[in-house]
Amino acid sequence: MFVYLCIYINRFNNNMKQVRVRFAPSPTGPLHIGGVRTALYNYLFAKKNGGTFILRIEDTDQTRFVEGAEEYIMESLKWCGIIVDEGVREGGKFGPYRQSDKKEIFKQYAEKLIDKGDAYYAFDTPEKLEALRNESERSWKTFNYNSELRENLINSLTLKEDEWRSKLEKGEPYVIRYKMPQNEDIHFEDLIRGEIVVNTSTLDDKVLYKSDGMPTYHLAHIVDDHLMEISHVIRGEEWLPSLPLHILMYRSFGWEAPLFAHLPLLLKPDGKGKLSKRDGDKMGFPVFPLYWPYGETAKGYREEGYFPEAFINMLALLGWNPGTEQEIFTMDELINAFSIERVGKSGSRFDAEKAKWFNHQYLQKKSNSELAKEFREILRAQGFNDDIVRLEILIELVKERVSFVKDIWEQTDFFFKAPESYDQEAVKRRWKEDSGVILSELKSQLELISDFSAATVEPVIKAWIEERGYNTGAVMNAFRLVIVGALRGPHMFDIISWIGKNETLKRIDTGINLLSVEN
RNA sequence: GGUCCAUUCGUCUAGUGGCUAGGACGUCAGGUUUUCAUCCUGGUAACAGGGGUUCGAUUCCCCUAUGGACUACCA
């Protein structure tokens with residue numbers, strides 16, 4: 001009974017605790033879609049639970065800093081519709097939100113750990129450690145910087161206090177390492193994977209504080225998560241192996257650890273391994289949300305014509321599912337349906353075809369006027385323009401056959417310009433000896449019609465075809481050939497209605513002249 | 001090599017100690033259409049393997065295989 005009560009109280013506490021989650025990328029380049037998904041799941045979880053979504057920049061590695069990356073990350077989240085509650089731009093009560101701005105604080109905490117006896121100063125050079133590592137590999141042994149090894153190295157555990165203190169005073173380079181306990185089973189819980197047990201003897205003395213005066217990830221994120229009162233850490237699976245260290249550090253500091261959820265990775269569409277920039281280039285789809293303009297440039301979903309809603313919807317379903325058959329979700333619906341428990345355990349292979357399908361679905365839901373505005377830009381680039389209302393009519397005609405706004409041009413080019421050539425295959429199949437004569441007759445019929453709307457023209461022409469005993473297919477295909485130049489496009493009467501009577505008659509003349517002579 | 005994680009149609013996935021193992025994308029075949037596309041209908045296709053536990057395992061346990069991550073003074 002007592003145990004149950006404890007569990008109940010514990011749950012009660014966890015539930016009552018203000019949900020605060022963070023997305024914590026390091027600004028080392030453009031944000032990969034795997035990173036966007038991590039941000040998304042954090043965001044969905046926060047909003048679902050009435051919590052706060054924090055963006056923290058983890059720039060403790062000065063050697064990997066990339067100009068423009070921080071702005072890129074913020075722009076990406078913004079484009080995706082992921083709203084940051086606290087961050088570098090937004091501010092907040094738990095700042096600074098850029099880790100390099102608080103290096104002094106991290107140092108204090110590292111020293112605190114030394115005072116507690118759970119960390120120590122180490123003076124061995126990287127070169128020396130590298131040599132040791134190579135040596136043990138050569139002799140078939142697993143290199144492990146553990147309690148055994150540290151006995152033989154130069155650090156504040158093996159040196160006398162006055163010795164290492166004088167080293168510090170002389171300004172000798174040092175790092176601070178965590179003193180990993182010997183042979184202890186660490187039990188911890190992952191929200192997605194359940195309980196995991198790891199023995200500390202397989203872990204090593206990780207560096208917490210580097211000789212350049214910056215903390216490593218291990219120190220910085222734990223201190224920051226604690227200071228920022230993070231309730232749930234939702235991050236990539238690559239962190240799972242170091243979770244025991246993190247759990248141990250919370251214990252050393254005497255802090256309550258947040259709850260953890262490790263997300264499965266995004267995998268390559270074909271073959272093996274995790275998704276990388278190369279795959280996108282190779283397979284022709286973007287791996288980044290936005291175009292990356294620096295150095296080695298990279299394509300972005302935005303520039304490829306994806307709607308952010310479709311992109312987010314696609315990403316949300318890659319590794320998570322609602323347990324229902326619903327596939328199309330607005331951001332609000334995602335928030336409402338989201339739960340960590342329904343995130344899958346195994347990696348997801350990215351599927352570019354399905355991404356397209358999502359965009360198709362979203363394009364169908366867009367209003368014609370919205371699409372017309374976007375299409376107009378593309379049209380201008382092609383050297384054409386038209387009245388916005390006419391463009392809306394046009395879009396209605398081809399909307400359902402395209403997945404991207406930029407596809408509209410390929411479906412409508414012949415609306416704007418008469419065919420310059422005729423598809424040879426189609427001509428062979430559909431242009432008969434009497435086609436020229438029939439089209440001349442058709443032209444005469446069309447000349448009699450003043451109202452050129454499809455609704456008026458269609459019945460008249462159909463009646464004429466029937467009256468003359470022509471084959472509908474034969475007439476209409478030849479007609480299509482001279483108007484479009486190929487056997488494609490929407491309903492014929494919609495096309496001629498849109499391009500108008502004059503243009504229609506002109507194209508018939510041109511077609512008859514060119515095709516009758518050649519064939 | 002060591003540690004950890006994972007494994008249902010080609011892909012994303014649902015699912016249960018007993019089901020014809022469900023859906024979506026793709027693919028294939030029909031249908032609609034004056035063309036192409038869309039659309040509609042239907043088909044194809046999966047529980048990695050081997051041991052247990054059990055009356056019965058895709059489901060629970062173990063082993064193997066495969067894949068992945070980590071193994072930096074990178075995050």
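Excluded from the calculations below are hydrogen atoms, water molecules and symmetry mates; all remaining heavy atoms, backbone and side chain alike, are included. Letters go in sequence order (proteins before strands), and every chain restarts at 1.
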Measure from the side chain of [X], starting at C-beta and using heavy atoms only, and say which of [options] lies closest.
X	options	result
A:Arg342	B:A75, B:G15, B:A24	B:G15
A:Glu353	B:C25, B:A75, B:U35	B:C25
A:Leu129	B:C73, B:U35, B:G15	B:C73
A:Ser26	B:A75, B:C5, B:G15	B:A75
A:Asp61	B:C5, B:C74, B:G1	B:C74
A:Pro241	B:C70, B:U35, B:A37	B:C70

Whom does [N] pair with, Watson-Crick or G-U wobble, provided both distances fall under 3.5 Å?
N	value
B:A37	none
B:U20	none
B:U53	none
B:U66	B:A6
B:C47	none
B:G1	B:U71
B:U59	none

Margin query: I need the minimum non-hydrogen distance between A:Glu400 and A:Gln364, along with the two atoms involved.
Written below: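 Result for this residue pair: CA-OE1, 3.1 Å.
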So [X], base contact, sugar-phosphate only, or nothing? Heavy-atom distance under 4.0 Å.
X	value
A:Gly319	sugar-phosphate
A:Glu400	base
A:Pro215	sugar-phosphate
A:Lys274	sugar-phosphate
A:Val175	base
A:Pro264	nothing
A:Arg193	sugar-phosphate
A:Ser242	nothing
A:Gly323	nothing
A:Ile196	sugar-phosphate
A:Arg235	nothing
A:Asp407	nothing

Next item on the list: Please work out which of the three classes, parallel, tilted or perpendicular, describes the rings of A:His246 and A:Trp239, given edges at 30° and 60°.
Entry: tilted
Notebook entry, point to check: So A:Trp292 and A:Tyr294, would you call those rings parallel, tilted or perpendicular, with 30° and 60° as cut-offs?
Noted result: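 Perpendicular, since the angle between the ring planes exceeds 60°.
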For [N], does either OP1 or OP2 sit under 4.0 Å from a side-chain N or O belonging to [X]?
X	N	answer
A:Asn321	B:A14	yes
A:Ser346	B:G68	no
A:Lys206	B:C70	no
A:Arg488	B:U35	no
A:Arg133	B:A72	yes
A:Ser348	B:U13	yes
A:Arg177	B:C73	yes
A:Arg349	B:C25	no
A:Lys356	B:G26	no

Item checked: Min side-chain heavy-atom separation A:Pro322-A:Leu317 under 4.5 Å ->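 Yes; the side chains approach each other to less than 4.5 Å.
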Checklist line | Sole candidate of A:Phe452, A:Phe493, A:Phe416, A:Phe414 that passes ring pair (Phe, Tyr, Trp, His ring centres under 6.0 Å) when paired with A:Trp498 | finding: A:Phe416
Item checked: Passing candidate, ring pair (Phe, Tyr, Trp, His ring centres under 6.0 Å) with A:Phe311, options A:Phe288, A:Tyr301, A:Tyr306 ->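 Of the listed options, the one satisfying the test is A:Tyr301.
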Quantified in whole Å, what is the [atom1] atom distance between nucleotide [N] and nucleotide [M]?
N	M	atom1	answer
B:C9	B:G2	P	29 Å
B:U8	B:G68	P	15 Å
B:C62	B:A46	C1'	24 Å
B:C47	B:U20	C1'	15 Å

Under-3.5 Å donor-acceptor pair between [X] side chain and [N] base:
X	N	result
A:Lys354	B:A24	yes
A:Arg401	B:C36	yes
A:His491	B:U34	yes

Check: Could you give the distance from CD (A:Gln445) to OG (A:Ser440), rounded to the nearest 0.5 Å?
Finding: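 Between atom CD of A:Gln445 and atom OG of A:Ser440 there are 12.0 Å.
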Item checked: Separation of A:Met314 CE from A:Ile33 CD1 (nearest 0.5 Å) -> 5.5 Å
Next item on the list: Let me know the distance between NE2 of A:His246 and P of B:U3, rounded to the nearest Å.
Entry: 20 Å
